[in-house]
Amino acid sequence: MSEALQVREQHRTTASAWGGGESPFAVPWAKLMMWLFLLSDAFTFAALLTGYAAMRITAGVWPGAGMKAADFFHVTTVVGPMTFILICSSATMAVAVGAARRGDHRTTVRFLALTVLGGLAFLGMQAYEWTGFIREGARLTGFVGELGGKIQPMFPATFFVITGFHGGHVTSGVIYLLVKTIQASRGRASAESVEITGLYWHFVDLVWVFIFTLLYLI
Amino acid sequence: MPTNDTTSGTRRSAALLGIALALLIVAAVVTTLAARSRWWLPPLASAQGRSIDQLFIATFGIISVAFVLVHGLLALFVWLYRDRGQRASYWHENRALELTYTIIPAIVMTGLTLSAAGLWSRIHSAPPPQALVVEVRGEQFGWKARYPGPDGKFGRIDPRHYSARENPWALDPADPAAQDDLVLDISTTGELHLVVDRPVEVRIRAKDVLHSFFIPAFRVKQDAVPGMVTSIWFTPTQTGPYEIACAELCGPLHYIMRGKVVVQTQEEYDAWLAQTRS
Amino acid sequence: MAEHHESVRDGAWYRTYVVTWFWLLVITGLEIATVFLGLPRLAVILLLVTLALMKAALIAAYFMHLRHERLNLIFTIAAPLILIVILFLGVARDALNVFFLRQ
Amino acid sequence: MAHVAHAEAQAGHELSFWRKYIFSQDHKVIGIQYALTSMFMAVLGGLLAMFIRLQLGWPGQSWPLLGRLFPSGMPDGQMNQAFYLASVTMHGTIMIFFVLTTLLTGGFGNFLIPLMIGARDMAFPFLNMLSYWLYPPAIIILLASFFVSGGAAGGGWTAYPPLSALPGAAPGSGLGQTLWLISLALLILAFLFGSLNYITTILQLRARGLSMMRLPLTIWGLFVTAILSLLAFPVLLAAAIMLLFDRIGGTSFFVPAGLLIGSVPVDHRGGNPLLWQHLFWFLGHPEVYVLILPPMGMISDILANNARKPIFGYRFMVGSIVAIAFLSFLVWGHHMYTSGMAPVLGTAFMTTTLVIAVPSAIKTFNWLATLWRAKIRFTSAMLFALGFLSLFVTGGLTGIVLAQPPVDIYFQDTFFVVAHFHFVMASAAIFASFAGTYYWFPKMFGRMMNERLGKWHFWLTFVGIYATFFPMHYAGFMGMMRRIYSPQIYAHLQGLQPLNVFVSIAAFVLFAAQFIFLYNFFRSLFRGPQAERNPWRATTLEWEAPSPPPHLNWGETLPTVQRWAYDYSPPDMAEDFQPQAAPAAVPTGRSREGRGDGGHAR
């Protein structure tokens, strides 16, 4: 290869997105890291849900003969609204991110605060839903009371473990959002960091889509 | 500079390594040949074991060739291309060569996959209808076996009725089919009796944790999994006593979890069964 | 550093979010309706999984801005998800086997 | 970028001792911390192996002196079964998770990634520090389990339930097993933090001109490994959570109904023990590639450097690393052929497993082709690299036997398996670590290791490894089961004892030989001759930095990369190597075919 060719090759390499010296995705490193974290977290949830599927398939009837999962939950009155609230909080989060990008601090703070409220409402309703389920006889080890013998013990167990794990994510998300709201109200949250917070929050919503479908509806 | 080994140092290292690798080939071949008389697979005593052993020997031949080839080349190269003040060639791409050693292993692997898949599906095919059916159960730390009674049916099991002495199999007394089941402790007092040249389906249960039903002479191994009944079928071809081992870690006394199996002619087996039942 | 293309005019920049939000709610409503429609079991499962995937796609594409990222990032995020499908298929197939071997 | 500015601001003032060496955010210090801690754990794991060999070589023998040292595990000097199984379990756990994974990705990964890609540090130094500081607590919890009632976990490193789920099932299934799970969960978090950092760093912080197809293979190995960890460890984390719930919360993910421990009914129902095996091996198989891909990369670089020749078939090398990584997620069931898994899955997993043999063969022959018409320099690093090649082939080939389910029926859970993975992933990975240490020690500490001791170490280790692990194949042929306390009562294992005695003695020699390395390592740390910047005359970027590299690695400006990583013995040049960052040299004569990028961009 002649010298000229070599120089041209070098130019081509440095001009390419993958040529080093810059991000091939044109994203800041913190954002890429959040995406990667979410990817890995998706595998944790996937494994839990796969375990749940294995329990269901192995059990044959679920949660018991002649019963539906939806019978045990307040799908239209509590779980449906929970889903509604989480979607809304995701939307307010998206607006907050958009506003932060435009430098509109007032809107950012306001919508971040709304998102926090949405998260708290979700957690409150989940607590209510858990309480009701426990009152019906659900325990981590299986159902107690008159339904005890008729219901797969892994029905409440998978429910508590998976929604609990998700609830833990929501709780840490609320704390994360709260910190971000305070920072934003003092004008110390960059648009980038608000966007990264948003990614986490949307992911929590995205996981809930599957939990809602697989645990409550199917 | 540490990189500038003296030529004699390089020569010595190259010679040593070349000889060591050559010796490795010789040692591997010699010990394997020697091992065939002492440290080899136990004598074969089942029909499916023949095919398994043949597949193993074929694979062993293939990997031995690859072992000798790679180590031979390695020994040759370290000796030939040691640092003698020459200049290494700037050669780093040869599509034809690379494709060659992509395609040849691919073909060999395809062959192995096909032959192994055929054998695997034969091993896991449905047992023939005339097969003897027995159940074995792994528990900490021994094997038990159960033969159905003259009704040919295994009785129901209910763990609530378990009693180590009176009802070790936890048979449900309410089930009539359970009344005549024959339960043997094949680790201590009894033996698992099988009939020569008659296929046998062994259904495997576990009482507590995972175990693995392993009869080396039959080339049979199948895990005993709590909560489910696994099964395996095979045909013993030699009469005589053999041993059952547990191949899955099941607790501190895993190493003594041994059982006994005896292969007999049909007459001997019938006599034994009649005597034991009475 | 976080420069992104905006697909909507200034002043109505939140329109995408509102539209996404609206569709998410509609699909959620459909999901709940599906359960109470009394369709055959397999149809319910297929329908619900499809709807859930649609929702997930909407969230990822618009709320998480994946649609506005470079294609290589989208592939980087999406490609590994195939492994989840493989894990699920392997485990589910074997769980079915366990079901049949239950004592 | 933000972190660089932050780091530069930090460099302005002197750091305290604590910030500099203990809670350091410098990737080099963290890498060395990881490496030293792993070395400590390696000695521990090796000691446990010696206990195992002591028992298997001379079952029933009493060792009064040891009995006084370990009164609970070896009362009257005779090892009890629970202690034996705890040794087996802990040896596996420590060597796989706490030594090889941490040493290769935590140690070499942290040290090498920023240096080899021309970055100042990792993308997120604080997370990097956090990753290391989860490791010592995990160790403490793991080791503490030896002292709780019942002793350390005894269910094997795979911790198959129900044995590991039911506290009553075995002495080691008590608190020891719970601690084992917690310790592993902490370590998983550490690996996740590390992986996030490595992937982001390699993707985003490469120096100008260092395209992906110009990366040294070490970086490719570490990069793909990080992806494997990122995607596989969460699955084990989920499984560990479920198992913890089974143990503590009374759920029954892995415990079915109707079990009796002795005559005590077990109060669980509904679970499926095979689920754990699926989830565990979905991690477990990628994990063995976590242990072999970085070595493959490191070996490629060390071979090319000491052969003074470009690595052969760079593109096929990268392709096979990626292919192996992808396939490693599809083969988990080949650990489960006899487990009661559906036979159709056995066929599927056999197919994917045998496919992996193809990229592995490509790599082996590419390494051999690299040696062809080379100019080989026999440094200690090179000897270990060549040893790696031999061990990898020996161990890899027996994998072909085990990949076939009908044959695996006989060999599953015998010593043949033990021999197989001790060659292919344990010994080979350890050889690569030794090679890497001899090779990069000058860069890490600015001093050279002693070559004479290095060669003694190599010869004793190489011979010791073959003497220890090769005879284990024969024990496997005879059908000797893994994890048994003594083979003596079995008729088919009679005549095995001389073999086991031989293996045990070889193992003791092998273990003792490692102290030559430790002596060499620590002596060179303080007494070794000063290393120059590029003692091996290597092309890759880390050798452009001073030895040892200062904080932030590079001076005022970051290096700019001009060519691929393997420009050894280029034609028409007086020198036999051209560093990646050296400005393009003026050619002296005829045309220079194939220069520059090794023909990758065409």
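Keep in mind the model is a prediction, meaning the values are calculated, not measured. Lettering of chains follows the sequences in order, A, B, ..., and the numbering in each one begins at 1.
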Where does [X] contact chain C at under 4.5 Å (heavy atoms): side chain, backbone, both or neither?
{"X": "W18(A)", "result": "side chain"}
{"X": "A99(A)", "result": "both"}
{"X": "S90(A)", "result": "both"}
{"X": "L49(A)", "result": "neither"}
{"X": "F84(A)", "result": "both"}
{"X": "F203(A)", "result": "both"}
{"X": "L39(A)", "result": "side chain"}
{"X": "V207(A)", "result": "neither"}
{"X": "A70(A)", "result": "side chain"}
{"X": "L32(A)", "result": "side chain"}

What residue, out of [options], has the most heavy-atom pairs lying under 4.5 Å from chain C?
{"options": "F210(A), W201(A), Y216(A)", "value": "F210(A)"}
{"options": "P24(A), A47(A), G60(A), A42(A)", "value": "P24(A)"}
{"options": "C88(A), A53(A), A17(A)", "value": "C88(A)"}

Contact class of V35(C) relative to chain A, heavy atoms under 4.5 angstrom: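 Both backbone and side chain.
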
Contacting region of F100(C) [heavy-atom separation from chain A under 4.5 Å]: neither

Within 6.0 angstrom of F36(C) CZ, more than 12 heavy atoms from elsewhere: yes

